[in-house]
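In what follows, a single structure is set out as structure tokens and then discussed.
Chain identifiers are assigned alphabetically (A, B, ...) following the order of the sequence lines, protein sequences preceding nucleic acid strands; residue numbering begins at 1 within each chain.
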Amino acid sequence: MSAVNLISAESIKLFSTRSPWWCNLLAMVLPVGFATAAVLSWPTDVPISVTEVQMGYQFGMMLVLVMAALAVTTEYRFGTMRTTFQAVPGRSSALLAKTALVAGVAGLVGLVAALGSLGVASVLHPVSDLGLGTADELRAVLGVAPVFVFSAVIAVAVGLLVRQSAGALALLLVWPMLVEPLVSVIPTVGEHIQQWMPFVAADHFLRGERSMIADPVLSPAMALAYFAAVSVGLLAVALVVARRRDA
Amino acid sequence: MIEVEHLTKRYGRTVAVDDLSFSVRPGRVTGFLGPNGAGKSTTMRMILGLDRPTSGTVRIDGKPYRELDRPLTRVGALLDAKWVHPNRSARAHLRWMARTNRLPNRRVDEVLETVGLSGVADRRAGGFSLGMSQRLGIAAALLGDPEILMFDEPVNGLDPEGILWIRQIMQRLASEGRTVLVSSHLLSEMAQTAEELVVIGRGKLIRQCGTAQFVDEASGATIRVRTPQVERLRGALHQEGIEVRDEVVDELPTLVVAGTSSERVGEIAAAQGVVLHELSVQRGSLEQAFLQLTNEAVEYHAHDGATTGNEGTDR
Amino acid sequence: MTLLAVERIKLFSTRSPWWCVVVAVGLTVGFTALMSGFANEQGTVTVGFTQFSYQFGLMVLMVMAVLAVTTEYRFGTIRTTFQTAPNRAAVLTAKALLVAVLAGVVALAAAFLSFWVSDLLATNSDLSLSGADAWRNVAGTGLVAFLAAVLSVAVGILLRQSAAAVTVVLVWPLLVEGLVSLIPRIGQDIQSWMPFVAAHHFLFGGQPDSAEAAMMMGMSDVPYGPWAGIAYFGAISVGLFVVAVITASRRDA
Amino acid sequence: MIEARGLTRRYGNKVAVDDLSFSVRPGRVTGFLGPNGAGKSTTMRMILGLDRPTSGTVRVNGQAYHELDQPLRRIGALLDAKWVHPNRSARAHLRWLARTNRLPDRRVDEVLEAVGLAAVANRPAGGFSLGMSQRLGIATALLGDPEILMFDEPVNGLDPEGIRWIRGFMRDLAAQGRTVFVSSHLLSEMAQTAEDLVVIGRGKLISQCTTAEFIDNASESLVRVRTPQAEELRAALARADAEVRVEVETGALLVSGVTTQLVGEVAAAGGVVLHELAVERASLEQAFMRLTDDAVEYQTTALPAPELVTAGR
């Protein structure tokens with residue numbers, strides 16, 4: 001069974017139900033919508049920066065997390081995971097194919113959302129010189145794609161471990177939106193711990209010095225590498241667990 | 001007493017139940033039959049006030065379901081055995097139901113005992129097999145000790161012992177004077193359980209009558225006779241004006257007689273001194289009768305070349 | 001009363017509410033303890049500081065409230081429920097009330113435990129529950145959780161589906177309300193009228209460290225007082241719940 | 001060919017399947033019977049490599065399931081018809097499955113046609129009745145045109161037309177030389193469909209034999225006689241060394257250890273008028289009840305003992 005077949009099977013699965021379409025659509029529309037709102041209310045004579053235009057990427061990321069987690073948990077909920085393992089007894093290859101597909105889709109969604117935001121902003125706000133000239137600008141825009149890719153990997157891994165939609169989603173949403181930001185409130189050590197939080201690291205990669213980390217240890221590129229390592233590590237654990245478990 | 005009058009339910013353009021009227025009487029098991037998609041479940045859900053009829057009414061002892069006080073003491077129903085929270089124990093499931101209708105907790109233990117789940121009452125229902133869930137569903141239906149009971153495919157998933165048990169419990173409930181309405185696709189089971197039938201197809205009433213009547217109308221009974229003195233018996237039956245057909249059954253020559261009783265054939269044979277090797281009544285099966293009557297009401301025909309004629313009469 | 005008792009049996013006979021209660025209290029109190037432990041040296045622990053982590057508990061309790069409804073739809077027990085008690089408005093109100101009371105009590109317990117734990121750990125700070133503002137801050141979390149649970153039940157009834165409902169009740173307060181303020185010029189005005197911002201203002205408004213608390217939500221000044229804030233939040237919760245009940249009564253179960 | 005050797009599965013300290021060995025041969029329908037909780041589903045899941053055996057092996061055409069390349073082409077199975085995403089169409093469900101084992105999309109339409117779902121193939125499966133889901137499950141099993149087919153309670157939820165259809169369908173598959181392994185609780189159905197039986201109880205093998213043998217081993221066959229001269233016939237039969245009982249409700253005589261011919265001759269010789277003379281074969285249900293009596297896990301209580309039940313009447 002070749003990887004191509006497995007990925008193609010997974011893509012039929014993913015795109016033959018409604019929720020991934022909704023999630024992906026919203027993941028593209030919301031950041032662009034946010035960029036539009038931001039640009040429209042920005043003073044027309046003051047330039048806006050690329051980083052500010054991309055601020056709404058978090059909406060997209062949340063929906064990508066939801067989409068990727070549901071791609072796994074609904075299979076457990078409706079019993080199709082068993083059918084999958086029946087058709088592909090090598091479970092890891094089936095799950096890797098799913099991860100690859102979901103992550104790939106997430107990356108594309110990220111790219112569309114980021115370029116869409118940029119495009120809308122440059123049309124609506126001609127005063128600003130919005131482009132992909134500097135390394136920072138490139139990272140802020142094109143970087144959304146890898147961030148979404150690895151976010152999706154994390155979500156697939158959590159979905160495999162938790163197997164249950166509500167639990168997986170609560171974890172995946174509360175973690176980046178509440179736990180990671182609140183960590184910085186802890187006096188003395190909070191800010192130091194915070195920069196080792198995966199989604200904060202991803203944010204640091206995208207936004208560089210504008211991210212919430214005051215005194216970063218990692219360079220933006222290293223922050224992405226760190227985020228990727230966390231996601232792949234989590235996936236490895238999830239695959240081992242899924243292989244050992246009864247389906 | 002359940003009275004259904006001109007009941008209609010539309011979902012968009014599809015008509016699930018179409019001007020359906022029937023009533024279910026106490027003291028007997030009434031079978032509710034129909035092909036898939038005939039509207040049986042929808043009808044049952046409307047009886048319980050779960051779905052709103054587009055038009056028409058359902059009355060339970062003269063009142064709509066939603067107006068019943070403590071409805072569980074009037075109607076007990078099992079529609080889907082899997083409608084239980086998987087992490088809740090069987091006992092807790094019944095306890096909350098009992099509480100809604102102010103039934104004592106003691107009653108919970110009683111019905112658990114009746115369905116044979118006492119030993120597993122505190123286990124989570126999610127770990128139950130379909131058969132055990134089915135028993136839990138039946139316990140829930142019996143909880144309020146209601147006069148009217150309604151079961152949707154109660155035999156589904158039960159093992160043979162359970163099937164036998166439910167057949168007996170339904171007959172017992174009817175003999176206590178209760179109203180019992182049961183839907184099922186298993187006609188060999190229904191033939192043994194239901195005295196009365198309500199048959200629907202495409203949402204419309206096809207027939208409401210006794211089971212025996214239903215079967216006999218569709219396919220009359222025949223009598224199978226085997227004897228070493230075939231010609232003598234044939235002649236004697238001819239003289240009495242009785243029709244006889246020759247067939248080969250189980251590789252033995254056999255006379256098939258229609259339009260009379262086995263008693264009469266036996267007496268004619270005895271009068272002529274004919275030795276009988278077999279004298280048995282062959283009834284049509286409920287399956288045959290049902291398939292004949294609902295033929296055009298079946299919605300999804302499978303393609304097959306293999307079905308043979310009279311499987312229903314196999315013993 | 002009967003219906004409340006029924007909902008109580010239902011809620012506590014599955015595991016997830018227990019887990020939610022434990023996690024809600026544990027997270028809130030644990031995080032407060034962590035913060036207070038580190039803040040002890042500076043001696044800057046205030047009443048508001050001990051309540052910063054209320055959102056942890058609140059989110060978990062909202063998830064619990066959503067699941068109390070959506071699992072009934074998922075497992076079909078809602079049909080059994082409506083079969084045993086055909087008055088749907090009464091059933092759903094009983095459920096909302098029970099879940100809300102539970103959420104309120106748990107949040108209250110978490111708030112007082114947080115305060116008490118901070119008091120133990122932050123020996124250098126002079127913590128005391130005196131004054132209306134301090135009491136509103138600590139005891140008010142119960143009220144906020146109560147109303148937030150009603151809102152969550154309403155969302156659950158309307159969406160009937162765990163994944164969607166959980167996403168909505170988490171993304172709304174955590175992301176939407178915060179990011180709204182980033183829209184230039186009008187963003188902050190819109191934000192003041194966001195329900196969870198109003199609830200937050202009820203808890204922390206008018207306190208010495210309200211600025212820090214406001215910053216946490218990424219929010220600015222609001223043009224109304226704390227009690228108006230909770231009234232506004234309550235109106236939205238109850239309004240949504242009424243809409244949900246009407247919808248459920250009309251719908252096929 | 002499916003072969004189980006010493007198959008055992010424990011969950012904690014509960015033994016679901018206990019040293020089970022059997023084989024299922026091609027060219028016939030083999031019924032898999034057992035009371036609830038006997039371990040049938042667990043066994044089927046182990047055959048498909050979904051659950052791991054604690055010990056023992058099960059082989060499909062000589063190979064363990066996980067060693068099969070493109071397993072859908074070797075063994076097709078229907079374990080639970082509801083294992084379909086409710087928002088996914090029947091066609092999409094079959095298409096992704098076909099893709100995993102490199103089956104052409106054309107095959108999807110063929111099997112949809114074969115089970116009679118072609119017209120509703122693009123509707124979401126969540127709106128299907130249990131009967132339609134069951135047909136979709138059967139289509140899934142047929143997808144890879146496999147030599148071996150395994151069905152867990154395939155009749156569940158089918159309407160009478162569907163029941164008759166699948167009965168004929170399984171016989172056809174076996175007649176084509178395939179191995180067909182079917183579990184079911186509906187014994188009147190199995191009696192009409194299965195030639196061979198594998199019967200288990202509490203995880204252990206109770207019997208593996210043909211259906212006819214199974215019934216004959218478990219129960220005697222009786223001759224049922226109705227006559228207005230019961231006493232005379234009874235006496236005459238007693239002289240012929242036949243054992244006679246009286247059925248209480250009807251007054252009919254139940255004679256064991258003789259043929260209908262013999263009873264007919266005895267009656268004629270004594271000038272006895274007969275109203276009925278028929279063989280009363282034991283049903284599979286009766287045979288099953290007798291053999292699995294102590295293997296039933298959730299015994300129900302407080303009901304009268306089963307009366308003599310005659311199947312197919």
| So how far is it from D:Leu274 CG to B:Glu263 CD, rounded to the nearest 0.5 Å? | 11.0 Å
| Leading residue by heavy atom contact count with chain B [cutoff under 4.5 Å; candidates D:Leu262, D:Val272, D:Val223, D:Thr260] | D:Thr260
| task | With a 4.5 Å cut-off on heavy-atom pairs, point out which of B:Val265, B:Ile163, B:Leu158, B:Leu187 contacts chain D the most. | result | B:Leu158
| message | Given heavy-atom pairs under 4.5 angstrom as the criterion, report whether the side chain, backbone, both or neither of B:Arg224 touches chain D. | response | neither
| When rounded to the nearest 0.5 angstrom, what is the spacing between OG1 in D:Thr259 and NE2 in B:His277? | 7.5 Å
| message | Which heavy atom of B:Val275 sits nearest to which heavy atom of D:Ala268, and what is that distance? | response | CG2-CB, 3.3 Å
| request: Determine the option with the most heavy-atom pairs under 4.5 angstrom with chain D, choosing from B:Ser41, B:Ser280, B:Pro160, B:Ser118. | output: B:Pro160
| OG of B:Ser188 to CD of D:Gln192: how many Å apart, nearest 0.5 Å? | 7.5 Å
| task | Locate the shortest heavy-atom distance separating D:Ile163 from B:His185; write the atom from each residue and the value. | result | CD1-O, 3.7 Å
| field | Residue D:Glu153 versus chain B: region with a heavy atom under 4.5 Å | value | neither
